[in-house]
Amino acid sequence: MAKKKITVIGAGHVGATCAQLLAYKKLGHIHIIDVVEGLPQGKALDITESAPLEGFDSKVVGTNDYEDTAGSDIVVITAGLARKPGMTREDLRDKNAMIVKSCAEQATKYSPDCFMIVVTNPLDTMAWVAKQASGLDKHRIVGMAGVLDSTRFRSFIAMELGVSNEDVHATVFGLHGDDMVPMPRFSSVAGIPITELLSKDKIDEIVARTRKGGGEIVSLLKTSSAYYAPASSVVNMAESIILEKNRIIPAAAYLEGEYGLDGLFMGVPVMLNWSGVEKVIELPLTDEENAALQKSAQAVKESLAHLNI
Ligand code: TXD
């Protein structure tokens, strides 16, 4: 199989870590692009110099020119400001919207057939901005957050029960923010629902920690937000597309009627493969779950209503 071309926009914490993991997993040739001169070139060269040790032959190239990214199969947008302690994701909205708009426009000018993964916060709103700016079909663009929120949820379940991470499956719906909707009913350990293994109080505690998972890292790191688990989450999605795995992954998809929502991006389970978002999986929800999901959607709608670009 010919190597795929993957462009990562933003050579910061998340972007550079994505590039490193994509190279280590041999998923394709990688271009890193940033507005800061030297930064993507330096990080790309540093990753390239680990190739003899890590055993990959992909090219990792840093650039400040979108022309070099032409013909990319996958474009990941991580460019933008990140949270500092005391900030909400919404505080980043308008500045990041300008950045994401220009990145999406320029990237699709040279890679009109790409599949785009948006990472910049506030995630669900930035995915909408990128779709508008790129003109990509809804099957070719998705926001990354659900995989991250779910891997946090899974880690906390594994830590609590002292079981292998491998055996824990869990899912989080909704927006990427405090109103996200972790789904205990769709979460299990080796097929056993977690509701059989943990008390309601303990599940509530884990759900609350998951909702604040990003903030917990920001308050510890102080000068940046999380990037190891976010980068792994992006690469997990890229892998499902490139290797045509048909994985069922929670991601911010453009909804047109699913779950009673229309014209916005929000986290739902999707099937990902080479054609992109093959389908949104619609599941029957309880009244309580549906109410939480609608509250989440309301927060996305408010963010879009206040968007100023
Ligand atoms: O779950 C999720 N979706 C997220 C999102 C998880 C973690 C981080 N999340 C968000 O990703 C975070 O809130 C930020 O909005 C982005 C990027 O986070 P990161 O931690 O990588 O931020 P950095 O280290 O500040 O890097 C941002 C880079 C930096 O090198 C800038 O020079 C660059 O973005 N930048 C640009 N690159 C290209 N083009 C333009 N216009 C541009 N503007 C800034």
Side-chain angles (χ1 to χ4, degrees), residues 7-21 31-44 62-66 68-69 75-85 87-107 109 116-130 133 141-153 172 174-178 180 210-218 221-237 249-252 265-267 300 309:
T7 287
V8 181
I9 310 180
H13 289 90
V14 178
T17 313
C18 274
Q20 183 187 28
L21 289 176
H31 279 68
I32 317 175
I33 182 164
D34 201 288
V35 279
V36 179
E37 284 183 22
L39 183 70
Q41 291 85 350
K43 295 210 174 171
T63 181
N64 306 109
D65 183 351
Y66 277 90
D68 295 333
T69 71
V75 170
V76 182
I77 302 186
T78 75
L81 307 176
R83 282 197 287 170
K84 300 273 159 44
M87 290 174 85
T88 69
R89 294 179 179 91
E90 271 304 295
D91 293 335
L92 309 168
R93 188 188 57 230
D94 293 347
K95 283 191 180 142
N96 278 354
M98 295 299 292
I99 294 172
V100 167
K101 180 172 183 278
S102 103
C103 295
E105 276 168 1
Q106 295 183 78
K109 180 176 165 199
M116 189 172 276
I117 303 176
V118 182
V119 180
T120 308
N121 272 324
L123 189 271
D124 308 84
T125 306
M126 293 306 113
W128 187 90
V129 169
I141 176 164
V142 80
M144 184 295 288
V147 181
L148 172 63
D149 298 328
S150 303
T151 192
R152 286 180 173 146
F153 192 24
V172 177
L175 95 162
H176 184 51
D178 293 354
M180 71 179 69
T210 303
R211 286 206 173 107
K212 300 273 182 199
E216 184 178 0
I217 305 273
V218 172
L221 294 182
K222 297 184 182 66
T223 53
S224 81
S225 55
Y227 52 101
Y228 293 118
S232 289
S233 304
V234 171
V235 173
N236 194 267
M237 294 171 83
I249 283 180
F265 279 82
M266 208 179 64
V300 178
I309 34 172

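Atom set for the values below is all heavy atoms of this structure, side chains included, hydrogens, waters and symmetry mates excluded. One-based numbering, in listed order, for ligands and for the atoms of each.
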**Student:** Here's a test for you: under side chain to side chain contact (heavy atoms under 4.5 Å, CB included), which of Asn121, Leu92, Asp91 qualifies with Leu81?
**Tutor:**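 Exactly one pass, corresponding to Leu92.
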
**Student:** Going by the atom numbers of ligand 1, which of them fall below 4.0 Å from some non-hydrogen atom of Asn96?
**Tutor:**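 In order of number, 15 (O).
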
**Student:** Taking all heavy atoms of Ala226 and all of Val14, pick out the closest pair and write down the distance.
**Tutor:**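 Shortest heavy-atom contact: O-CG2, 3.8 Å.
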
**Student:** Tell me, which protein residue and heavy-atom name are nearest atom 9 (N) of ligand 1, and how many Å apart are they?
**Tutor:**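 Heavy-atom neighbour on the protein nearest atom 9 (N) of ligand 1: Asn121 ND2, 3.4 Å.
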
**Student:** Starting from atom 25 (O) of ligand 1, what is the nearest protein heavy atom, named by residue and atom, and what distance separates them?
**Tutor:**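 For this ligand atom, the closest protein heavy atom is Gly80 O, 4.0 Å.
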
**Student:** Looking only at heavy atoms, is any part of Ser233 under 4.0 Å from ligand 1, and if so is it the side chain, the backbone, or both, or is it neither?
**Tutor:**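 The answer is neither.
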
**Student:** When rounded to the nearest 0.5 angstrom, what distance separates CG in Leu221 from CZ in Arg83?
**Tutor:**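 Between atom CG of Leu221 and atom CZ of Arg83 there are 11.5 Å.
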
**Student:** Verify, without hydrogens or angle tests, whether Asn64 (side chain) and Val36 (backbone) share a donor-acceptor contact under 3.5 angstrom.
**Tutor:**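 Here the side-chain-to-backbone pair exists.
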
**Student:** Between Ile9 and Ala107, what is the shortest heavy-atom contact and its length?
**Tutor:**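 It is CD1-CB, 3.9 Å.
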
**Student:** Grab the two heavy atoms, one from Met266 and one from Leu175, that are nearest each other, plus how far apart they are.
**Tutor:**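 Residues Met266 and Leu175, closest heavy atoms: CG-N, 3.6 Å.
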
**Student:** Taking only heavy atoms of Pro230 into account, list the atoms of ligand 1 that are under 4.0 Å away from them.
**Tutor:**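 Atoms satisfying the 4.0 Å criterion: 6 (C), 7 (C).
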
**Student:** Mark up the atoms of ligand 1 that fall under 4.0 Å of a heavy atom belonging to Ile99, in ascending order.
**Tutor:**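 Checking each atom against Ile99, I get 40 (C), 41 (N), 42 (C), 43 (N).
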
**Student:** Hey, looking at atom 14 (C) of ligand 1, which of Val36, Thr120, Leu123, Leu81 has the closest heavy atom?
**Tutor:**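 It is Leu81 that holds the nearest heavy atom.
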
**Student:** Okay, side chain of Ser232, backbone of Tyr228: is any donor-acceptor separation there less than 3.5 Å?
**Tutor:**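 Pair found, side chain donor or acceptor close to backbone of Tyr228.
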
**Student:** Have Asp149 and His176 got a donor and an acceptor in their side chains that come within less than 3.5 Å?
**Tutor:**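 Checked: Asp149/His176 side chains pair up, N/O donor to acceptor below 3.5 Å.
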
**Student:** Could you check whether any heavy atom of Ala226 sits closer than 4.0 Å to an atom of ligand 1, since that is the contact criterion I want to use?
**Tutor:**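 Yes, that is the case, since the closest heavy atom of the residue is under 4.0 Å from the ligand.
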
**Student:** Please classify the Met144 to ligand 1 contact at 4.0 Å (heavy-atom distances, strictly less than): side chain, backbone, both or neither.
**Tutor:**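 Contact part for Met144 vs ligand 1: both backbone and side chain.
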
**Student:** What part of Leu148, side chain, backbone, both or neither, has a heavy atom within less than 4.0 angstrom of ligand 1?
**Tutor:**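 Contact part for Leu148 vs ligand 1: side chain (C-beta onward).
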
**Student:** May I ask you to list the atoms of ligand 1 that are less than 4.0 angstrom from any heavy atom of His176?
**Tutor:**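 Every atom of ligand 1 under 4.0 Å from some heavy atom of His176: 1 (O), 2 (C).
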
**Student:** Should you measure from each heavy atom of Thr78, which atoms of ligand 1 turn up under 4.0 Å away?
**Tutor:**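 Here the atoms of ligand 1 in question are 16 (C), 17 (C).
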
**Student:** Does an N or O anywhere in Val119 fall below 3.5 Å from an N or O of ligand 1?
**Tutor:**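 Yes, Val119 has an N/O under 3.5 Å of an N/O on ligand 1.
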
**Student:** For ligand 1, which is the ligand I care about here, please tell me if His13 has any N or O atom under 3.5 Å from one of the ligand's N or O atoms.
**Tutor:**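 N/O-N/O distance under 3.5 Å: yes.
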
**Student:** Does a salt bridge link Lys101 with Glu105, judged by any charged N lying under 4.0 Å from a carboxylate O?
**Tutor:**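 Answer for the salt bridge query: yes.
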
**Student:** Which protein heavy atom lies closest to atom 40 (C) of ligand 1, and at what distance to 0.1 Å?
**Tutor:**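 Looking at atom 40 (C) of ligand 1, the protein heavy atom closest to it is Val35 CG1, 3.5 Å.
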
**Student:** Can you figure out which of Pro40, Ala79, Gly12 has its heavy atom closest to atom 37 (N) of ligand 1?
**Tutor:**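 Heavy atom nearest to atom 37 (N) of ligand 1 belongs to Ala79.
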
**Student:** Checking the side chain of Ser225 only, and the main-chain atoms of Val218 only, is there a donor and an acceptor separated by less than 3.5 Å?
**Tutor:**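 Flag not set: sc Ser225 to bb Val218 has no pair under 3.5 Å.
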
**Student:** Identify, by atom number and element, the atoms of ligand 1 in contact range of Leu39, meaning under 4.0 Å from any of its heavy atoms.
**Tutor:**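 What qualifies from ligand 1 is 30 (O).
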
**Student:** Which residue and atom name correspond to the protein heavy atom nearest atom 22 (O) of ligand 1, and how close is it?
**Tutor:**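 The closest one turns out to be Ala82 CB, 3.8 Å.
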
**Student:** So for ligand 1, is Ser102 a polar contact partner (N or O within less than 3.5 Å, distance only)?
**Tutor:**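 Ser102 vs ligand 1: no N/O contact under 3.5 Å.
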
**Student:** Is a donor on one side and an acceptor on the other found under 3.5 Å between the side chain of Lys43 and the backbone of Ala16?
**Tutor:**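 No, Lys43 side chain to Ala16 backbone: no donor-acceptor pair under 3.5 Å.
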
**Student:** Hey, are the side chains of Ile33 and Pro40 touching, using non-hydrogen atoms and a 4.5 Å cut-off?
**Tutor:**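 With C-beta onward as the side chain, the pair stays apart.
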
**Student:** Please walk me through it: do Ile99 and Thr120 pass side-chain contact (heavy atoms from CB on, under 4.5 Å)?
**Tutor:** CA-CA 9 Å; Ile99 294 172; Thr120 308; over 6 Å; no

**Student:** Please identify which atoms of ligand 1 are closer than 4.0 Å to at least one heavy atom of Val14.
**Tutor:**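 With Val14 as reference, the close atoms of ligand 1 come out as 8 (C), 18 (O), 19 (P), 20 (O), 21 (O).
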
**Student:** Should one rank Leu221, Asp34, Ile117 by closest heavy-atom distance to atom 33 (C) of ligand 1, which comes out on top?
**Tutor:**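 Closest candidate by heavy-atom distance is Asp34.
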
